[in-house]
Amino acid sequence: MTALITVYCVLAGATVLAWAIDGNSSNAQLAWVVLAMAIVKVRFICRWFMEIREAPRAMQVALDAYLVVIACVLLIGYTAG
Amino acid sequence: MRNTRQPSDVRTPAEPGLWLFAWGDLLLFGFLFAVHYGYRAQSPEVFAAGQAELSPGHGVVYTLLLLTSSLLVAAAVTGRRTQSPRRGVLLIDGAALCGAMFAGLKVLEYVHLGPLASADNFWIMYFALTGMHLGHVGIGLGALAAMRNLLKRPGLDERQTRMLESCGVFWHLVDALWVILFSMLFLTR
């Protein structure tokens, strides 16, 4: 339970931090940081809340591969616009 | 570095069929994210104007509601062996309350933004992405009701445990997808 609360605090803190640094900005570098933070947050949710950290290695690798692809979509997509 | 995982530590939570659905969902949303950015690249000024109408503060509230509900669901699932049925039910009730508040606020937002729904590509993508997500929230609330019924029972067999975990995984999937949508739509202008 302590680990779950710690993860929750990290996720909530990252959400507020992302808002604070990028809420009203159009700075591309900050946007990259915010999108990267979102990917890391999703990894935390999958590993700790969905318990993928206990799943077979292949599933963990598949999740990380998916997140790399999504990170590319977000970062390249944002930059292209 | 030595691998400290023992074979007995390795287990796949939830039903295999649920994972098949979850991966399909992740791929579908990944495709929609690419479509969103494809349209954004065609008309960045339209997307900038649309995003300016959205309140990042509201996005933070939506995100915190779903993160809180996810924490409560994870606590109910991981503590199922040690906690009383009453505590498990209370945790799920709290999660459902957060989920229902998210859905209610989203509906209010739709009422407010509804006239813009077909105004341009930004709003078409906004309503498509968040509408699909809201549909998932609705299904997730049904999953939470199923979890509540399971947790009322004093002991769960293997099949019921997997069902409980499947419902939990689905709810966390809803949360994870929102985290990306929040950053794409409400932030990063």
Side-chain angles (χ1 to χ4, degrees), chain A residues 1 3-5 7-9 11-12 14-16 18-28 30-46 48-60 62-63 66-67 69-81, chain B residues 3 5 9-14 19 22-23 26-27 29-31 33-44 47-48 51 55-57 59-60 63-64 67-68 70-75 77-79 82-83 165 168-169 171-173 175-177 179-184 186-189:
Chain A
M1 188 63 191
L4 289 177
I5 290 173
V7 169
Y8 170 77
C9 291
L11 292 170
T15 299
V16 175
W19 177 37
I21 65 176
D22 196 57
N24 292 302
S25 158
S26 54
N27 183 308
L30 290 180
W32 272 55
V33 171
V34 167
L35 291 172
M37 282 169 69
I39 296 295
V40 173
K41 281 161 65 181
V42 171
R43 191 170 189 269
F44 265 77
I45 290 168
C46 293
W48 287 92
F49 289 172
M50 287 186 187
E51 297 184 312
I52 286 186
R53 71 186 187 286
E54 294 177 5
R57 184 73 64 200
M59 195 177 221
Q60 298 186 23
L63 170 70
Y66 173 80
L67 291 177
V69 171
I70 291 297
C72 291
V73 168
L74 297 182
L75 298 175
I76 294 170
Y78 177 79
T79 307
Chain B
N3 184 359
R5 289 177 100 207
D9 295 337
V10 179
R11 56 179 288 280
T12 307
W19 284 110
W23 283 111
L26 288 169
L27 291 174
F29 269 91
F31 172 74
F33 297 158
V35 171
H36 170 87
Y37 279 116
Y39 281 129
R40 184 175 180 271
Q42 287 174 9
S43 45
F47 275 62
Q51 280 183 291
S55 161
V60 170
T63 309
L64 292 179
L67 287 175
T68 304
S70 252
L71 170 69
L72 297 175
V73 167
V77 171
T78 57
T82 53
Q83 74 200 357
E165 290 174 344
V169 164
W171 190 253
H172 300 313
L173 176 71
D175 184 19
L177 289 171
V179 163
I180 298 178
L181 288 174
F182 165 62
S183 298
M184 277 174 61
F186 288 81
L187 304 175
T188 62
R189 294 167 186 219

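Chain A is the first sequence line, chain B the second, and so forth, proteins listed ahead of strands; every chain is numbered from 1.
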Enquirer: Less than 4.5 Å to any heavy atom of chain B: does that hold for the side chain of A:Leu11, its backbone, both, or neither?
Expert: both
Enquirer: Side-chain contact test, heavy atoms from C-beta onward, threshold under 4.5 Å: evaluate it for A:Trp32 versus B:Thr188 and give yes or no.
Expert: no
Enquirer: Against chain B, label A:Ile76 side chain, backbone, both or neither, depending on which of its atoms sit under 4.5 Å from a heavy atom there.
Expert: neither
Enquirer: Taking B:Thr78, B:Thr68, B:Asp175, B:Leu27 one by one, which has the highest count of heavy-atom pairs under 4.5 Å against chain A?
Expert: B:Thr68
Enquirer: Between B:Pro44, B:Ser183, B:Ala48, who has the most heavy-atom pairs with chain A when the cutoff is under 4.5 Å?
Expert: B:Ser183
Enquirer: Using a 4.5 Å cut-off on heavy atoms from C-beta on, say whether the side chain of B:Leu71 contacts that of B:Leu67.
Expert: no
Enquirer: Pick one of side chain, backbone, both or neither for A:Phe49, based on which atoms fall under 4.5 Å of a heavy atom in chain B.
Expert: both
Enquirer: So do the side chains of A:Trp19 and A:Val34 get within less than 4.5 Å of each other, counting heavy atoms only?
Expert: no
Enquirer: Specify which of A:Leu4, A:Val7, A:Ile39 makes the most heavy-atom pairs with chain B at under 4.5 Å.
Expert: A:Leu4
Enquirer: Between A:Met50 and B:Leu173, is there a side-chain heavy-atom distance shorter than 4.5 Å?
Expert: yes
Enquirer: Is the shortest heavy-atom distance from the side chain of A:Thr15 to the side chain of B:Phe182 under 4.5 Å?
Expert: yes
Enquirer: Counting heavy-atom pairs under 4.5 Å with chain A, which one of B:Leu26, B:Ile180, B:Thr12, B:Val77 comes out on top?
Expert: B:Leu26
Enquirer: Do B:Glu165 and B:Arg11 have side chains that get closer than 4.5 Å, going by heavy atoms?
Expert: yes
Enquirer: Rounded to the nearest 0.5 Å, how far apart are CG of A:Leu67 and NZ of A:Lys41?
Expert: 13.5 Å
Enquirer: For chain A, which of B:Val60, B:Val169, B:Leu177 has the most heavy-atom pairs under 4.5 Å?
Expert: B:Val60
Enquirer: Counting heavy-atom pairs closer than 4.5 Å to chain B, which one of A:Val69, A:Ile45, A:Leu63 comes out on top?
Expert: A:Ile45
